[in-house]
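Reviewing the structure listed below.
The structure displayed is predicted, hence computed values, not measured ones. Reckoned from all heavy atoms, side chains included, excluding hydrogens, waters and symmetry mates.
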Amino acid sequence: MKKQIFIFVFVLLAAFANVNKSYGQCTGTPLTPAPGIVYDYGVTITGTNTSPTFLWHATTDVNLLTGTKLTTADNYFTVDGTGSAYNTTTGGTNNLKLVWLPKAIGTTFYLVVKYTETSAPGCTVENLKVYEIKPINTFLLAITGSTATGANAQVANCAPAVTGAVVTAGTPTVKYTYGTNTIYYEVTATGILGAWKPSVRIPALNVAGNQTYASARWSSDNGTTWTAMTGFAASGAQQDLGLAADATVSDAVAGSAYLIELVINNNDFETLSDQVLNVKVDGFLPTAYTESDIQGAPSAPPCAPEAAFGKNANYTITARPTVTAVPATGAFITKLP
């Protein structure tokens, strides 16, 4: 009787569960896999199964027999060694475990399994089946206010101390100066394994108060070491910043966290009302840097590309007390500027 192959697919890690600090995840399946997750592709065989061999390979060619077979050097996937060997009958088994990489997003692959055995009359018989694989983009960013170590979310910081108060006699006038604020944001990246290119948009500060940024830095190890962000200017203007080298995600499900540190010189800015600083983050996948992060739940559809700098978080520098002169006493010395 002709042998038939019954194909089943199961997943070791098919869903993004317990993702910290995210807006939700777009979930992959074995045939629409998420990068960075181990998927187990398997077959069952009916019959005597005498001298069975399994030969697995992936290709982008619709001609499954003559098309170029992909290798791990193509950087579309890696092979998990707990499953079948890849593209060889030596060590080939009925299940192949693959981890698809970000480069695979947007490409259609054909995963082929060729099964061979010896039949009862002594013939060598074979059968061949194929999966269509379309990896999806599950690259998700999230941002929140943070502490210097990323240990706890923090969304507010107090107005700094008065650092100078100098009177110019005659008119008279007084020039007050105010100290610095150091604020932190934590960015979490999930849904991929490997490199991504981050961009951070920091907002304009108070120009009238001569408020400026003193530095903008990035940490990938919870604040142990810091790297200056590229594109930075010591001004109070809105700025789009980046990194000289790509960031990386080491765990597609748990994600990787990064800290942003902004130091602000308040100079003449008194902070008499709360100042809300909205920092935005964006990201793209290599090698073409055309695939952006996704919207994630609760948007519809959650897999849709995110708008430029769509993920953002507020951090507030809270107001200092306002001190008002008593009319019966008279006015304070005029403040500069």
Side-chain angles (χ1 to χ4, degrees), residues 7-42 56 58-60 70-72 74-84 86 95-111 130-143 187-198 246-258 281-307 310-311:
I7 300 178
F8 68 90
V9 182
F10 59 94
V11 185
L12 290 181
L13 296 170
F16 292 93
N18 302 317
V19 178
N20 295 326
K21 303 182 182 70
S22 76
Y23 293 89
Q25 269 290 12
C26 178
T27 302
T29 70
L31 300 183
T32 56
I37 306 298
V38 180
Y39 291 94
D40 193 329
Y41 301 89
W56 294 88
T59 182
T60 57
L70 300 173
T71 71
T72 54
D74 295 306
N75 293 319
Y76 289 118
F77 57 83
T78 60
V79 179
D80 189 295
T82 61
S84 175
Y86 177 81
N95 67 309
L96 176 72
K97 297 182 181 181
L98 296 181
V99 178
W100 297 92
L101 301 179
K103 182 183 176 182
I105 294 171
T107 300
T108 298
F109 300 88
Y110 302 104
L111 181 59
V130 59
Y131 297 114
E132 183 182 68
I133 310 292
K134 293 183 175 181
I136 61 171
N137 185 2
T138 59
F139 172 40
L140 186 67
L141 294 176
I143 182 171
V187 177
T188 305
T190 57
I192 61 163
L193 194 65
W196 65 285
K197 182 179 289 297
D246 287 351
T248 59
V249 175
S250 57
D251 188 318
V253 178
S256 293
Y258 310 89
V281 66
D282 204 354
F284 288 87
L285 298 177
T287 53
Y289 298 108
T290 56
E291 292 283 350
S292 77
D293 58 312
I294 62 169
Q295 293 180 23
S299 69
C303 291
E306 180 59 273
K311 296 298 190 301

Say whether, by atom type as modelled, one donor and one acceptor occur between the side chain of [X] and the main chain of [Y] under 3.5 angstrom.
X      : Y      : value
Lys311 : Val187 : no
Gln295 : Pro305 : yes
Tyr39  : Leu31  : no
Asp74  : Tyr76  : no
Tyr41  : Pro30  : yes
Thr188 : Ala142 : no
Asn137 : Ser292 : yes
Thr138 : Gly191 : yes

Passing candidate, side chain to side chain contact (heavy atoms under 4.5 Å, CB included) with Leu141, options Asp293, Ile294, Thr190: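 Exactly one pass, corresponding to Asp293.
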Might you point out which heavy atoms bring [X] and [Y] nearest each other, and give the distance in Å?
X      : Y      : value
Val249 : Ile192 : CG1-O, 3.3 Å
Pro35  : Ala252 : O-CB, 3.7 Å
Ala189 : Phe139 : CB-CE1, 4.1 Å
Pro198 : Ala247 : CD-N, 4.0 Å
Ala58  : Tyr86  : N-OH, 2.8 Å

State the [atom1]-[atom2] distance between [X] and [Y], to the nearest 0.5 angstrom.
X      : Y      : atom1 : atom2 : answer
Thr27  : Ile37  : OG1   : CD1   : 10.0 Å
Lys134 : Thr32  : NZ    : OG1   : 10.0 Å
Leu101 : Asn75  : CG    : CG    : 6.5 Å
Leu193 : Asp251 : CG    : CG    : 8.0 Å
Asp40  : Asp80  : CG    : CG    : 8.5 Å
Glu306 : Asp282 : CD    : CG    : 8.0 Å

Is there a side-chain contact between [X] and [Y] in this structure, where contact means two heavy atoms from C-beta onward sitting under 4.5 Å apart?
X      : Y      : value
Phe109 : Trp100 : yes
Pro33  : Ile133 : yes
Thr72  : Phe77  : yes
Leu98  : Thr78  : no
Glu291 : Phe284 : no

Partners passing salt bridge (Lys or Arg N to Asp or Glu O under 4.0 Å) against Asp246 (at least two apart in sequence or in another chain):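 If we apply the salt bridge (Lys or Arg N to Asp or Glu O under 4.0 Å) test to Asp246, skipping adjacent residues, the hits are Lys197.
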Parallel, tilted or perpendicular, as decided by the 30° and 60° cut-offs, for the rings of Tyr131 and Trp56: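 Plane angle under 30°, so parallel.
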